[in-house]
Amino acid sequence: MTNSIEIQGLSKRYRLGSTQHGQMLRERLVQIMKRPFGRAEEESIWALRDVSFQVGEGEVVGIIGRNGAGKSTLLKVLSRIAYPTSGNVKVHGRVAALLEVGTGFHDELTGRENIYLNGSILGMRKREVEDRFDAIVEFSGVDRFIDTPIKHYSSGMRLRLGFAVAAHLEPDVLIVDEVLAVGDAGFQKKCIQAMEGLRNSGRTVLFDSHNLSAV
Amino acid sequence: MPKVSIVGRLFIEPTGRPPLTSIKAVDASGICIATAETARRRNDGNRGVIRELWAYRELAYFLAWRDVKVRYKQTVLGLLWAVIQPFFTMVIFVLLFGKLAKISTDGIPGPVFYFSALVPWIYFSSTVANAGMSLVTNSGLLTKIYFPRIVLPTAAALGNLVDFLVSSVFLIGIIVYYEIPLGWNLLLWPVLVALLMLLAFSLGAFFAALNVKYRDVKYALPFVIQLLLFATPIIYPASMVPERFQWLLALNPLSGLIEGFRYVVVPSHALDWKFLSLSVAVTVVLFITSVAYFRSTEKAMADIV
């Protein structure tokens with residue numbers, strides 16, 4: 001079996017302190033004045049340290065860990081959002097990362113407009129969105145409100161719409177971050193079915209959760 | 001025997017082609033003792049940017065489309081605002097600088113003189129402002145999804161084009177009203193528009209990358225734009241500037257472009273081609289440097305923003 005994901009010696013370090021949240025130019029200048037030849041002082045934390053593993057094609061893998069264990073960082077590095085400090089990552093095939101439901105949703109736009117926007121943000125082509133549009137609306141169950149700006153949606157409706165778009169992605173590798181914890185029991189069942197559908201079609205799924213039973 | 005650890009950077013191609021890696025071996029004190037590179041480097045400058053942008057053109061289009069949609073949602077006048085803003089600015093300029101201060105308009109009717117410069121100026125200033133803020137206002141996207149970050153300032157430059165075109169149509173109305181005959185100069189228009197987009201995008205992308213790290217940009221940007229309004233021949237003709245300061249005016253790449261936009265609609269308006277060529281050169285240099293700076297900061301953006 002070929003591997004979909006190969007990770008070797010992966011480490012990711014984050015700096016602590018003001019640099020994390022945008023640094024004022026003045027502070028940096030003061031720092032340079034104080035220590036003209038030294039490097040900027042900074043505390044750092046290793047979110048990931050020397051992580052290695054492989055995921056085979058078509059496998060569904062769950063990652064469990066306490067809060068702050070580095071699950072999200074790992075998924076961020078895998079989905080190319082964050083760059084590793086060191087180590088190697090190989091992901092084969094088209095990757096879709098769902099670190100959040102409804103990324104890029106805009107309140108003022110209607111459900112219909114947001115489906116196109118969100119689909120495009122998640123890497124779908126316009127044609128793909130058009131082809132799957134009816135299925136997405138049907139899955140979300142918000143068809144009556146599809147031309148209403150989503151600022152009038154309930155939070156449950158927003159989540160359902162977001163997951164509906166995501167469920168119609170057709171990636172080779174799907175990376176999911178705790179998004180299963182959305183919606184009522186009925187909708188959760190639908191989501192789990194969608195995940196199983198993905199597995200049966202031979203896709204690789206990597207997801208993380210606090211919830212052992214979900215894994 | 002020094003302890004060796006591998007520090008690697010790795011890029012994953014969306015199509016599933018073999019990844020491009022560059023690996024550096026460093027000893028315990030952090031000194032590089034060997035480097036190895038497989039395949040070509042992803043950071044291959046401007047050509048790489050254009051290829052990436054092309055791959056993500058639909059996303060750029062949808063983000064621009066979103067900006068336009070959202071801008072005029074729940075407004076009664078909608079796209080008319082794209083005309084109202086330059087129109088009333090022009091009226092005030094005519095009264096204040098034309099009638100009161102009696103600043104020369106090079107023999108061009110006041111409304112044509114000001115409006116033809118205001119249309120590109122408003123595109124420029126709003127694009128630099130929007131693109132400059134684009135990474136920070138879309139930080140939700142930046143930290144949740146991968147895409148080439150350059151798509152965001154590009155979308156700002158595309159989205160503002162809609163307003164630009166609407167006000168350009170209105171400009172045609174003004175020219176027809178003043179019965180100014182149009183000539184072959186009009187062929188220069190698309191070239192000028194492309195240059196204007198390139199210039200506004202370059203500055204916007206530079207400020208956007210800087211803004212991720214230094215939020216000072218948020219305060220500096222409106223101020224810089226305001227100053228630039230006076231450093232550009234918008235309320236005065238370039239010919240009014242004394243000969244020995246002409247070079248200073250020409251260094252501002254917007255000067256040549258704005259004068260060019262006037263020349264396009266008023267063929268009798270003399271155009272200094274040296275002026276325009278210098279604008280083109282400065283624009284190209286700005287584009288190359290700002291894209292290079294953007295690329296160098298791109299990898300850390302999601303961690304800092």
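Keep in mind that this is a model prediction, so the values were computed, not measured.
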query = Taking atom NZ of A:Lys151 as the centre, does the number of heavy atoms from other residues, nucleotides or ligands within less than 6.0 Å exceed 12?
reply =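 For A:Lys151, atom NZ is crowded (more than 12 foreign heavy atoms under 6.0 Å).
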query = B:Lys144: what forms a salt bridge (Lys or Arg N to Asp or Glu O under 4.0 Å) with it, not counting sequence neighbours?
reply =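 With sequence neighbours excluded, B:Lys144 shows a salt bridge (Lys or Arg N to Asp or Glu O under 4.0 Å) to no residue whatsoever.
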Could you list the donor-acceptor pairs under 3.5 angstrom formed by side chains in residues 58-66 of chain B, with sequence neighbours left out?
residue : atom : partner  : partner atom : Å
B:Glu58 : OE1  : A:Lys126 : N            : 2.7
B:Arg66 : NH1  : B:Asn138 : OD1          : 3.3
B:Arg66 : NH2  : B:Asn138 : OD1          : 3.1

Side-chain heavy-atom pair B:Lys73, A:Thr110 within 4.5 angstrom cut-off =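 Yes - at least one pair of side-chain heavy atoms lies under 4.5 Å apart.
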Heavy-atom pair of closest approach, residues B:Thr143 and A:Leu99 =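 Heavy atoms only, the tightest pair is O-CD1, 4.4 Å.
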request  = Write down the atom of A:Arg80, the atom of B:Tyr146, and the distance for their closest heavy-atom approach.
outcome  =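 Smallest heavy-atom distance, with atoms named: NH2-CE2, 2.9 Å.
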task = Name the member of A:Gln8, A:Arg125, A:Met124 that forms the most heavy-atom pairs with chain B at distances under 4.5 Å.
result =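 Maximum pair count with chain B is reached by A:Arg125.
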task = Heavy-atom pairs under 4.5 Å with chain B are the metric here; pick the option from A:Asp107, A:Thr103, A:Leu10, A:Asn114 that has the most.
result =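 Highest number of heavy-atom pairs under 4.5 Å: A:Thr103.
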Close contacts, residues 77-88 of chain B versus chain A, judged by heavy atoms under 4.5 Å =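 From residues 77-88 of chain B, none sit under 4.5 Å of chain A.
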Side-chain donor-acceptor pairs of residues 148-159 of chain B under 3.5 Å, sequence neighbours excluded:
residue  : atom : partner  : partner atom : Å
B:Arg149 : NH1  : B:Ile145 : O            : 3.1
B:Arg149 : NH1  : B:Phe147 : O            : 3.1
B:Arg149 : NH2  : B:Leu142 : O            : 2.8
B:Arg149 : NH2  : B:Ile145 : O            : 3.4
B:Thr154 : OG1  : B:Ile150 : O            : 2.6

query = Between B:Asp303 and A:Lys12, is the closest basic N to carboxylate O distance under 4.0 Å?
reply =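 Looking at A:Lys12 and B:Asp303, the cut-off is met.
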